[in-house]
Each structure stands twice: as structure tokens, then as C-alpha cells.
Visitor: 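Below you will find the structure I want to go over with you.
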Number of protein chains: 4
Amino acid sequence: MLDKNDVSKRQLIIQAAAEIFSTRGYHTAKIEEIAQQAGIGKGTVYEYFQSKEQLFRDTVKEGITIVDLAIQEQIAQETTTRGKLIAFARKTIEIGQKYRFIAKLFIMDTSFMDHDFHEWLVERYGQSLKTIENIIRDGIAIKQLRPLDAACFAQVLSGGIGTVAGPLSLVEITPQNEERIAAEIVDYFLQGISLER
Amino acid sequence: MLDKNDVSKRQLIIQAAAEIFSTRGYHTAKIEEIAQQAGIGKGTVYEYFQSKEQLFRDTVKEGITIVDLAIQEQIAQETTTRGKLIAFARKTIEIGQKYRFIAKLFIMDTSFMDHDFHEWLVERYGQSLKTIENIIRDGIAIKQLRPLDAACFAQVLSGGIGTVAGPLSLVEITPQNEERIAAEIVDYFLQGISLER
Amino acid sequence: MLDKNDVSKRQLIIQAAAEIFSTRGYHTAKIEEIAQQAGIGKGTVYEYFQSKEQLFRDTVKEGITIVDLAIQEQIAQETTTRGKLIAFARKTIEIGQKYRFIAKLFIMDTSFMDHDFHEWLVERYGQSLKTIENIIRDGIAIKQLRPLDAACFAQVLSGGIGTVAGPLSLVEITPQNEERIAAEIVDYFLQGISLER
Amino acid sequence: MLDKNDVSKRQLIIQAAAEIFSTRGYHTAKIEEIAQQAGIGKGTVYEYFQSKEQLFRDTVKEGITIVDLAIQEQIAQETTTRGKLIAFARKTIEIGQKYRFIAKLFIMDTSFMDHDFHEWLVERYGQSLKTIENIIRDGIAIKQLRPLDAACFAQVLSGGIGTVAGPLSLVEITPQNEERIAAEIVDYFLQGISLER
DNA sequence: CATGAATGAGACTTCATTCAT
DNA sequence: CATGAATGAAGTCTCATTCAT
């Protein structure tokens with residue numbers, strides 16, 4: 001019971017931290033704010049996390065894991081290349097809306113952080129891209145797609161979608177048009193936009 | 001002489017600020033560091049800029065202006081839609097390499113800043129996208145491109161290229177392959193990647 | 001217990017501030033000095049007061065209140081006009097000695113401060129004078145005093161006594177001669193110093 | 001000619017300093033402000049005064065000397081005790097109005113200053129009081145006044161008048177009523193305010 | 001002599017972290 | 001375990017003073 005209590009309090013803090021870090025950024029966020037958001041005392045945060053930096057890392061790691069799992073799950077339900085790509089796009093957009101704070105965590109300036117963490121983040125980013133790369137490679141293998149640099153493409157696709165889904169987006173997104181926008185974007189890539197040929 | 005001196009010293013500080021803000025981020029950058037980088041005293045910075053925040057704003061504005069001009073200039077030299085888009089892509093990639101700090105400035109977390117500045121940044125970003133939108137609209141008008149949401153497309157293209165050019169990029173870029181990568185990316189969009197149809 | 005602790009620590013800081021502000025003046029006083037004087041850390045001061053200026057204001061307000069109360073109390077115990085005026089003079093002199101720092105707070109240059117505070121100070125000063133004005137008016141009403149401008153007189157009396165009691169005083173004051181000096185000064189005003197008429 | 005030029009520039013700075021120190025106080029006054037007020041460059045101030053503190057001292061000394069001379073001169077023209085005292089009062093009030101900055105210089109917080117200067121200020125203050133003391137002593141000698149502690153009285157009189165003339169005064173003073181107020185105050189002291197005896 | 005650009009010591013203030021309760 | 005009062009390191013900014021022109 002105590003254990004369960006502990007776990008839930010740790011989670012409580014992470015939730016609060018995600019919220020505050022997202023809206024205020026790492027440096028502007030204050031430990032006291034996070035504690036208040038979590039409805040606990042300032043000192044308690046330090047019972048569960050060694051430092052502000054550690055709390056940030058754990059919050060980011062947890063966030064990324066959740067988002068990644070959600071996307072993977074969605075993709076697994078599709079069978080066609082286009083279906084998988086649209087699923088990826090739609091979920092990315094949805095998350096960018098619903099969990100805007102996670103999206104922001106990625107855009108946030110983290111270069112000041114511990115070198116190891118930065119490396120971890122880059123590696124993790126690479127893993128995320130692998131998901132798309134694999135879809136592409138599969139598509140090439142079954143001759144649905146033309147041969148191309150899957151790594152480069154994955155980054156362009158992910159970056160393109162992420163930008164539309166992100167906090168600086170100028171495209172108005174509602175729950176109703178998520179699907180349509182996802183399809184539109186994917187088709188830029190699949191069909192191309194040129195009328196010639 | 002004095003005038004020239006003034007201008008160059010202000011510029012000197014902006015250069016140093018761009019360097020330090022880029023590598024360290026706004027909050028981690030210290031005024032003293034910037035002054036050292038510029039080879040001047042701490043107090044001198046305040047002779048040219050009212051505050052750290054003001055220095056940051058001016059640095060960003062100057063950077064954006066330079067980059068924008070460079071891109072516009074490059075595009076103006078091309079006549080075809082594909083040529084313009086590749087020029088945009090190549091210049092964006094080149095700048096992302098050469099002026100990595102400018103690229104970083106955009107990813108940096110600036111949400112904490114003065115509301116007016118944030119609005120200015122968003123508006124300026126919108127202007128940048130207009131450049132692409134116009135290329136696209138022209139292409140549609142002359143039936144080179146199929147009809148599509150130019151605003152959305154501009155954001156996807158710009159985001160896709162920016163990601164490859166940016167500091168988290170996993171695509172290795174050298175002066176030699178800039179042109180090739182730019183063309184490859186643009187062709188994802190123009191020709192599409194699907195073999196079907 | 002915590003509550004009592006809080007109150008006493010705030011008071012502790014005010015005491016230290018009164019001491020330091022009095023001997024060093026507002027601008028020369030350093031927050032660190034005040035903290036040291038109070039035997040606490042620099043940061044603790046800011047737990048109880050928003051800023052140095054706020055600390056100064058609260059210190060002055062508290063000091064004035066204490067002094068005013070002490071004077072009022074002393075006057076209330078007297079029945080005759082002369083008795084009240086001497087009580088006022090004696091208490092003012094006594095406080096000028098014992099709480100020299102309060103006396104100094106009044107002479108200090110506060111014109112640079114927040115406009116509202118300055119207004120408050122002037123108003124409060126006016127209130128203090130009212131005490132004397134009322135004594136005078138009562139004296140006139142019962143034909144003990146000749147008719148005169150009570151407001152002007154109050155300021156002359158208060159200024160005259162304050163100067164003798166103040167930090168620039170050239171009159172040597174000891175606990176033994178306080179009473180005598182107070183009476184002497186009051187009699188300048190009551191009897192006059194002229195032998196003619 | 002050069003010499004004369006030097007003298008007048010030194011004087012120019014002192015005038016500007018008196019103005020600025022009076023309105024802003026020692027610590028809030030900036031050397032640059034004073035230079036601007038004098039219509040010269042910041043560095044030039046240091047050609048004539050070693051430091052800000054030195055400039056302040058010289059400004060105060062000059063101001064006191066001017067005021068003292070003006071008062072002495074006025075008194076010398078009177079023959080009766082009452083005439084001399086009223087002349088003193090009137091001139092003090094007039095100066096408090098016209099040269100409000102000089103009056104403020106005296107109230108200003110100077111305790112932080114160089115010990116020697118503080119001693120000088122106290123001594124000079126004593127000298128000023130001697131003027132009144134002598135009038136009083138003469139009055140006692142010729143049996144116009146009753147015997148009393150001339151030093152104490154001088155301080156009460158001077159403090160009383162100074163307060164009415166000073167920047168915190170609540171008595172409205174106009175060129176028209178200066179004479180009347182001076183007489184009223186002096187008569188508080190000469191005739192007393194009591195109707196009894 | 002006159003100037004004002006450059007400087008850096010020093011002050012206020014914030015906030016992550018500690019630790020006694 | 002939970003807390004929040006206390007702390008002090010560290011950062012921004014001011015301004016008296018210097019000195020090259």
C-alpha cells in the first residue's frame with residue numbers, strides 16, 4: 001500500500017512537472033510551482049527526485065515513452081504503407097494537440113543539459129525515426145515505394161508533420177479535421193504535388 | 001570614425017551573443033560570457049543593449065533578417081518551381097550548417113519571453129512561410145502543381161527541410177552533398193515516393 | 001509555535017533594519033549587513049519582505065507607530081496644558097536618545113522613494129502635529145493661551161524640540177536633565193523670553 | 001581669461017550639483033545628470049572635483065557659506081533684539097523657499113559620509129547657531145531678555161524656524177506672508193503664548 | 001582641457017537545495 | 001515520510017571612475 005502510494009505520488013509529481021515544464025520551460029519553471037501543481041510540499045519533490053534536472057529528465061523520458069507507445073500501437077493496426085503513414089501522422093497531430101506539453105518538451109532548449117542526457121535524447125529520437133524508416137523500407141521491398149534514402153525521408157516526414165502539429169503551427173487543427181490533414185500531408189509525399197508525369 | 005566604431009561594436013556583441021545564445025541557450029548564457037566572447041567588459045554590453053532580454057531579441061531579429069534575405073535572394077535567381085524550391089532547400093540547409101546558431105534560435109524555448117516579442121516571432125515566421133506559399137500558388141496557377149492547401153504545404157516543406165538542416169539532424173550533411181539532399185527532399189514532394197499511379 | 005516564530009523573526013529583521021538604516025542610511029545599508037545584524041542569512045530577509053524598499057517602509061511605519069503611541073500615552077496622563085506640552089517634549093527627547101534610529105529615520109532623505117510612501121509619510125507627520133495642535137486649541141478655548149495659528153505653532157514647537165533631541169543636537173542630554181530641558185523649552189514658548197511687558 | 005573660465009566652470013558644476021543633489025539626494029543623483037545639467041561632459045566633472053563625494057562636500061560648503069553670509073548681512077542691518085531675530089527668521093524662511101535645495105542639503109542623510117566632513121558639518125552648524133546665541137546673549141546683557149541657556153535656545157529657535165521653512169512644512173508660505181510668519185514665530189518666543197502672568 | 005566609451009566592483013534579488021521538526 | 005523555513009551561490013544590472021582621443 002505504501003509502495004503503491006509512493007508510486008502514485010511519484011507519478012503525481014511527473015504529471016505536474018510535465019504540465020509546468022511544458023507551459024513555462026525548464027528554466028522558468030520553479031520547483032515550488034511544480035509542487036503546488038502536484039498539491040504537495042516543495043521538499044517532497046526531493047524525496048522522489050534528486051534534483052530539478054533529474055526530474056526533468058525523468059519527465060521527458062516518461063513522456064517520450066508514452067507517446068512512442070501510442071504511436072506504435074496505432075501503426076500496428078494498419079496493414080498498408082499509406083495506412084501506416086497516415087496513422088503515424090494522425091497520432092502525431094493528435095498528441096501535439098492533446099499533449100501539447102510533450103510536443104513542447106521536444107522543442108525546448110535542452111542543449112544546456114547533461115551531455116549524457118542529450119545523447120540519450122538524440123538516440124531516442126533516432127529510435128522514433130526507425131519506426132518510419134521501417135515502414136518505408138518495407139514499402140520499398142514490396143515495390144510500393146521507389147528506392148530512396150529511408151533515414152533522410154523519415155526525418156523529413158517526421159519534421160514536416162511535427163511542425164504542423166507543434167506549438168508554432170499556423171494550420172488550424174480540430175478533432176474533426178485531424179484525419180483529413182494527416183491524409184493530405186501523407187499524400188504530399190506519396191503522390192507528390194506535381195502534375196507533370 | 002566613432003560612428004563606424006559604434007556600429008562595429010554593437011555588431012561584435014550581437015555576433016558573440018548569437019554564438020553564446022546558440023550553444024548555451026538563453027537562460028544558461030551569462031552576460032559575462034557574451035562579453036568575454038566579444039572581448040569586451042561586462043558593462044559595455046549594457047551600453048548597447050538595455051537588458052539581456054533586449055540583447056536576445058535584437059540578436060534573433062538580426063539573425064532572422066539575414067537568413068531571410070539570403071534565402072529570398074537565392075530564390076529570385078531561379079525561374080522554375082522546382083528550381084525555386086531546391087534553392088530554398090539548399091539555402092536553408094546551408095544556413096543550418098553555417099549559421100547553426102540561427103537555426104537553434106528558432107528551436108529555442110522562447111515562450112517565457114515578452115508577449116510582444118513572441119507575437120513578432122510568430123508573425124515573422126508566417127512571413128517566411130509566405131515565400132514558399134507564393135511559389136506554390138504560382139505553380140498551381142500555371143498548372144504545374146495540383147491544387148492543394150498552400151499554407152499547410154508550406155509548413156510541412158519548411159518543417160521537413162528545417163529538421164534535416166537542424167541541430168538534431170541525423171542526416172550527415174557536407175558542402176558536397178547539400179545540393180543532392182536538397183534535390184532529393186524537394187522531389188519527395190514534387191514526384192512523391194509512391195510507385196503506384 | 002511556528003506562528004510565534006514567524007512573528008518574532010519578522011520583528012527581528014525590523015529591529016536589525018532600524019539599527020542599520022539608522023546608522024548607515026538607506027542607500028549605504030546593505031541587505032547583507034541587516035541580515036548579519038539579525039543573525040540570519042541574506043535570503044531570509046526576502047522571505048519576509050519583498051524588497052529592500054519594502055523593508056525600509058515597514059521599518060519606518062513600525063517605528064513611527066511605536067513612537068507615536070508612546071507620546072500619546074504620556075500626554076494622556078497630564079491634565080494641564082503645560083503638563084501636556086512638557087510630557088510631549090520629554091518623551092520626544094527621551095525617544096530621540098533611546099531610539100535615536102527612529103529620529104534619524106525622519107531626517108533621512110526619503111524623497112527618492114515611492115511617491116505613495118512619501119505621501120503617507122507627510123500625512124503621518126501631519127497627524128503627529130495634530131496632537132500638539134489639539135493641546136493648543138484646547139488651551140486657547142479655555143483662555144489659557146492667547147489666540148494663534150495652532151498649525152504653525154505645532155510645527156515650530158515640534159521642530160524646535162526635535163532639533164534638540166535629534167542627532168545633530170549640540171545640547172548635552174542625560175537621563176537626569178531630560179525633564180529640566182523639556183520644561184525649559186516649553187517655557188520659552190509659554191512664558192516667552194522677553195522681560196518687557 | 002583661462003583662469004576666469006576655469007572658475008566659472010567650477011561654479012557651473014557646483015550650481016548644477018546643488019540643483020541635482022537637492023532634488024534627488026546624494027545617492028540617487030548621478031554624475032551624468034549633474035554634467036548634463038551643467039551642459040558639459042561627464043568626464044569634465046572629474047577635472048574639477050576628485051570624486052562625487054568631494055563634489056558633494058564642496059557643494060554643501062559653498063551653499064552653507066552663501067546662506068550664512070546672507071543671514072549675517074540681514075541681521076547686521078537691524079538694531080533691536082526683536083528686529084535681529086525676525087530678520088534671521090525671515091531670511092531663513094526666504095532661503096528655504098528660494099534655495100530649497102540648500103535647505104534640503106541640510107536634512108539630507110549625510111551620516112554615511114567621511115567622518116571628517118561630518119565633523120566639519122557639525123562644527124559649521126555650531127557656528128551658525130553662534131549667530132543667534134550672540135543676539136540672545138546681548139539681549140540678556142542689556143536686560144531685554146530673561147537669563148536662559150542661550151545655546152539651547154538657539155537650537156530650538158533655529159530648529160523651529162527651519163522646520164517651518166523646510167521641505168516637509170505644512171505651513172503655506174508665500175512671498176507676501178513671509179514677514180508675518182517670521183514675526184509670528186519670533187513672538188512665540190519673545191512674548192510667549194500663555195495668557196497667565 | 002574636454003569628452004564619453006569602456007570598465008568592473010558591488011548591490012539586489014532569485015531559487016534550487018537542505019534539514020530540523 | 002512530509003514539510004517549508006532558511007540559506008547562499010550565482011546572475012543581472014548600475015554607475016563612479018578612468019583614459020585614449
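In the text below, chain A, chain B and the rest are named by the order of the sequence lines, each starting its count at 1.
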Visitor: Please check if the side chain of A:Glu33 supplies one atom and the backbone of A:Lys30 the other of a donor-acceptor pair under 3.5 Å.
Guide: yes
Visitor: In whole Å, I'd like the distance from the CD atom of A:Gln54 to the P atom of E:dT17.
Guide: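 Checked: the CD to P distance equals 11 Å.
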Visitor: Just how far, in rounded Å, is C1' of E:dG10 from CD of C:Glu33?
Guide: 13 Å
Visitor: Calculate the interatomic distance between D:Ile34 atom CD1 and E:dG4 atom P; express it in whole Å.
Guide: 16 Å
Visitor: How long is the span from the CG atom in B:Leu55 to the OH atom in B:Tyr48, to the nearest 0.5 Å?
Guide: 13.0 Å
Visitor: For B:Leu55 and F:dT12, what is the distance between atoms CG and P respectively, to the nearest whole Å?
Guide: 11 Å
Visitor: Starting at atom CD1 of C:Ile40, determine the distance to atom P of F:dG8, rounded to an integer number of angstrom.
Guide: 11 Å
Visitor: Quick one: is the NZ or CZ of C:Lys52 closer than 6.0 Å to the six-membered ring centre of C:Tyr26, and within 45° of its axis?
Guide: yes
Visitor: Is it the case that atom CD in B:Glu32 sees more than 12 heavy atoms from other parts of the structure closer than 6.0 Å?
Guide: no
Visitor: For B:Ala38 and B:Leu12, work out which heavy atoms get closest and say how close.
Guide: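 Taking every non-hydrogen atom into account, O-CD2, 3.4 Å.
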Visitor: Write down the atom of A:Ser51, the atom of A:Tyr46, and the distance for their closest heavy-atom approach.
Guide: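 Scanning both residues completely, I find the closest heavy atoms to be CA-CE2, 4.1 Å.
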Visitor: Classify every nucleotide of nucleotides 11-16 of chain E by which part a protein heavy atom approaches to under 4.0 Å, writing B for the base, S for the sugar-phosphate alone and - for neither, in 5'-to-3' order.
Guide: SSBBSS
Visitor: Starting at the 5' end of DNA chain F, which residue's closest nucleotide do you reach first, A:Val45 or C:Val45?
Guide: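 Nearest nucleotide further toward 5': that of A:Val45.
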Visitor: So, taking the atom named CD1 in A:Ile14 and the one named CZ in A:Phe49, what distance separates them when rounded to the nearest 0.5 Å?
Guide: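 So the CD1 of A:Ile14 and the CZ of A:Phe49 are separated by 4.0 Å.
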Visitor: Round to a whole Å and report the spacing from CZ of C:Arg10 to P of F:dA6.
Guide: 13 Å
Visitor: Rounded to whole angstrom units, what separation is found between the CD1 atom of B:Ile20 and the C1' atom of F:dG11?
Guide: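 Interatomic distance, CD1 of B:Ile20 to C1' of F:dG11: 15 Å.
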Visitor: Ignoring hydrogens, what is the shortest heavy-atom contact between B:Leu121 and B:Val60? Give both atom names and the distance.
Guide: CD1-CG1, 4.0 Å
Visitor: Can you list every stem that DNA chain E is part of, counting only runs of 3 or more consecutive Watson-Crick or G-U wobble pairs with both distances under 3.5 Å?
Guide: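 Stem list for DNA chain E: E:2-21 with F:2-21.
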Visitor: Counting side-chain heavy atoms from C-beta on, which of E:dA6, E:dC1, F:dT7 comes nearest to D:Tyr48?
Guide: E:dC1
Visitor: Atom CD of D:Gln36 to atom P of E:dA2: distance rounded to whole Å?
Guide: 18 Å
Visitor: Locate the shortest heavy-atom distance separating B:Ala16 from B:Ile34; write the atom from each residue and the value.
Guide: CB-O, 3.6 Å
